Amino acid sequence: MKTELIIRSNSSDIDFALLKDGKLIELNKETSDNKFSVGDIFLAKIGKVLPGLNASFVNVGYPKDGFLHYHDLGAQVQSLNKFIKKVSTGKYKEFTLKNFRFEKDIHKDGSINDVLKSGQNLLVQIVKEPISTKGPRLSSELSIAGRFLVLVPFSDRISVSQKIADPKEKDRLKRLAKSIRPKGFGVILRTVAEGKKVAELDKDLQNSLDRWKTMCKRIANTNTPTKVLSELNRASSILRDVMNDSFTNIVTNDETLKLEIKEYLQEIYPEKENIVKLHRSKVPIFEKYGIERQIKTSFGKTVSMSRGAYLVIEHTEALHVIDVNSGNRSNKAGTQEETALEVNLIAATEIARQLQLRDMGGIIVVDFIDMHSPENRNKLYQHLKEQMSFDRTKHKILPPSKFGLVQITRQRVRPELSIKTTEPNPNVNGEVEAPIVLVDKIEVELERINSNPKNKKIELNVHPFVASYLTKGISSIRFRWYLKHKKWINIIPRDAYRYLQYKFKVRK
């Protein structure tokens, strides 16, 4: 598998596209005015305390106050409160917690009234970005993520990622973490820590510890609310979380960004430093790598798949609904059950990609094509789980019901990525599907028609502008069709057609 990260920078935004074997699987945008990202830590001021909800509103500087529930305080919040008071004076500079006297853990079923008071200062971390009309969701159980491990202040626990299955490796990592863990800090070993040596883990831990000390220095004599620790920029956080041997290319159109990424890779993955390249072509970077086309074809209400099958994705206030359709797919399978299984497996792969690409969170209900065989339903379930195992966001999948429905819950930590794919209609008022999608639709239908050996001659009627686009140049799209299908497609310009109208005529 070949993985590429393509980064497009302009004056105010940076777009990140993650490709696997050329296919877009993740799209992120970092804006210069986004001051509330998951992982950011704020010295905030407690607002209204709500005993009825056992929660509090917290002023972090966002127009809507953040929400902090009692269960998100962390067992050692009293120690955190004590530490903030000491550090805020500017006189206490023992940030390592080595000689710090800890308070008792709070009761797991206690009341927020006993812990927080309106107007007091507290360190909080964003665990869910502002979505719609809601402010950010907060936690005062702080964590600082590194490449191989997560540092947890005011804790003594050592835990290992559940994705590491080997019990011996888990024990080895726990022993190593115990040998390097500083007093007063807990450690969570990430999946990428598997097989790593103690020197690599220790270097990563020291980097996180340095970030903690830098944050503590900012607390002294600071007004609230203030951001005291920023999560890494989007490029660094993506590389930190997903960088592995499959990466073959990191390309950006910004010289400064290229140098920053190379510098970061020298720290976390020095052997991959040379895959960072600067895009110098006159063709825009997202067009060069086929990303613009994939965005247009992937974010609409209808998503096409191979051989005419397609998904319909609907969004409601409460949940997302995905309907799987076989469309005009040619039936090469022996039975209806086999066809249903084939389409469902293709759909499961695309659905796993769509959830990650759009960052869809909450409840997702998928209506697969009905299958009567329990064995086939289990095949589909296992395939969907395997495809979603690459998704870094927490999720849970339930087995298909007897109605063919699969329920998925996926953690929502930031607003869903929504991209408008329709464009103004050049003929009349209103909007139409993006013209860039037209060629893809024509190719899908052409493949279906050509799969029937009885169809000897194929004629395509289109608007003259589209006809010119399909036939221009020696290596035209029509010539590519000829090489692929071993059949010449006769393209007829039709003045009476609308811009995006087309029709195939077939002779037996």
Side-chain angles (χ1 to χ4, degrees), residues 34-90 92 95 97 100-144 152-157 184-186 212 215-216 218-231 317 361-362 394 411-415:
N34 184 20
K35 302 181 178 75
F36 302 92
S37 299
V38 171
D40 288 349
I41 298 178
F42 286 78
L43 182 63
K45 192 175 285 293
I46 301 299
K48 199 170 184 180
V49 179
L50 308 167
L53 295 175
N54 209 14
S56 171
F57 287 118
V58 181
N59 179 10
V60 290
Y62 189 72
K64 292 271 185 181
D65 282 350
F67 185 80
L68 176 64
H69 194 273
Y70 182 86
H71 292 147
D72 294 321
L73 290 174
Q76 274 289 328
V77 67
Q78 298 287 33
S79 297
L80 177 62
N81 279 331
K82 178 180 171 183
F83 181 77
I84 293 167
K85 285 177 184 175
K86 285 192 168 196
V87 174
S88 295
T89 63
Y92 186 81
F95 303 141
L97 307 180
F100 182 77
R101 287 188 62 185
F102 283 69
E103 300 295 310
K104 287 183 179 179
D105 289 1
I106 60 171
H107 196 275
K108 64 177 182 178
D109 296 318
S111 170
I112 200 159
N113 264 343
D114 300 331
V115 182
L116 299 182
K117 303 298 177 193
S118 182
Q120 81 173 76
N121 293 339
L122 182 67
L123 281 173
V124 293
Q125 189 164 28
I126 293 182
V127 293
K128 187 185 287 188
E129 290 177 16
I131 298 174
S132 185
T133 58
K134 297 176 181 176
R137 181 74 185 256
L138 308 171
S139 170
S140 55
E141 194 166 16
L142 309 179
S143 61
I144 300 174
V152 185
F154 306 100
S155 172
D156 58 0
R157 289 183 59 190
F185 292 85
W212 164 260
M215 183 201 81
C216 291
R218 290 178 184 152
I219 296 174
N221 304 311
T222 298
N223 296 324
T224 53
T226 302
K227 186 194 288 189
V228 289
L229 184 68
S230 291
E231 172 61 306
E317 188 70 25
K394 288 182 183 177
Q411 188 179 23
R412 181 186 291 164
V413 295
R414 55 179 61 89

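Computed from a predicted model, the values in this text were never measured in an experiment.
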query = Can you name the closest pair of heavy atoms from P225 and G61 and give their distance?
reply = CG-N, 3.4 Å

inquiry  = What I'd like to find out is whether the side chain of K128 reaches to under 4.5 Å of the side chain of Q411, using heavy atoms alone.
reply    = no

message = Side chains of Q125 and D40 only: does a donor on one sit below 3.5 Å from an acceptor on the other?
response = no

request  = Please round to the nearest 0.5 Å and tell me the distance separating atom CG of L43 and atom NZ of K227.
outcome  = 14.0 Å

key: From D65 atom CG to K45 atom NZ, the distance as rounded to the nearest 0.5 Å   = 12.0 Å

request  = Determine yes or no for a side-chain-to-main-chain donor-acceptor pair under 3.5 angstrom, with N54 supplying the side chain and I112 the backbone.
outcome  = yes

query = Looking at side-chain heavy atoms only, is the closest gap between E129 and S37 below 4.5 Å?
reply = yes

query = Hey, is the main chain of G74 close enough, under 3.5 Å, to the side chain of D105 for a donor-acceptor pair?
reply = no

inquiry  = Within this structure, what is the CD1-CZ distance for the pair I126 and F42, rounded to the nearest 0.5 Å?
reply    = 4.5 Å

CG-CG distance between L50 and N113, expressed to the nearest 0.5 angstrom = 9.5 Å

request  = Check the pair Q76 / F102 against side chain to side chain contact (heavy atoms under 4.5 Å, CB included), numbers first and verdict last.
outcome  = CA-CA 8 Å; Q76 274 289 328; F102 283 69; 3.4 Å; yes

task = Compare all side-chain heavy atoms of S79 with those of F100 and state whether any distance is below 4.5 angstrom.
result = yes

message = Testing the basics here: between F95 and Y92, what is the closest heavy-atom pair and its distance to 0.1 Å?
response = CE2-O, 3.5 Å

inquiry  = Just verifying a value: how many Å separate M215 CE and W212 CH2, rounded to the nearest 0.5 Å?
reply    = 4.0 Å

task = Evaluate side chain to side chain contact (heavy atoms under 4.5 Å, CB included) for L116 paired with L68, printing each intermediate quantity in order.
result = CA-CA 11 Å; L116 299 182; L68 176 64; 4.0 Å; yes

inquiry  = Just verifying a value: how many Å separate L122 CG and I84 CD1, rounded to the nearest 0.5 Å?
reply    = 5.0 Å

Nearest heavy atoms of P153 and L142, plus distance in Å = CD-O, 3.4 Å

query = Donor-acceptor pair, S139 side chain versus D72 backbone, under 3.5 Å?
reply = yes

inquiry  = When you measure from the side chain of S155 to the backbone of F185, do you find a donor-acceptor pair of N or O atoms at a distance under 3.5 Å?
reply    = no

task = Could you pull out the closest heavy-atom pair between L97 and F83, with the gap in Å?
result = CD2-CE1, 3.6 Å

query = Between N81 and E103, is any side-chain donor less than 3.5 angstrom from a side-chain acceptor?
reply = no

request  = For S88 and A220, indicate whether the former's side chain and the latter's backbone hold a donor-acceptor pair under 3.5 Å.
outcome  = no

message = If you compare all heavy atoms of S118 against all heavy atoms of V49, which two are closest, and at what distance to 0.1 Å?
response = N-CG2, 4.0 Å

Check: Q78 and I106 side chains under 4.5 Å, non-hydrogen atoms = yes

task = Would you mind reporting whether I46 and V58 have side-chain heavy atoms less than 4.5 Å apart?
result = yes

Residue of the set V124, L123, L73 for which side chain to side chain contact (heavy atoms under 4.5 Å, CB included) holds with L80 = L123

ask   = Do the rings of F57 and F67 sit parallel, tilted or perpendicular, given the 30° and 60° boundaries?
value = perpendicular

key: Sidechain-backbone polar pair: R412 side chain, G361 backbone, donor-acceptor under 3.5 Å   = yes

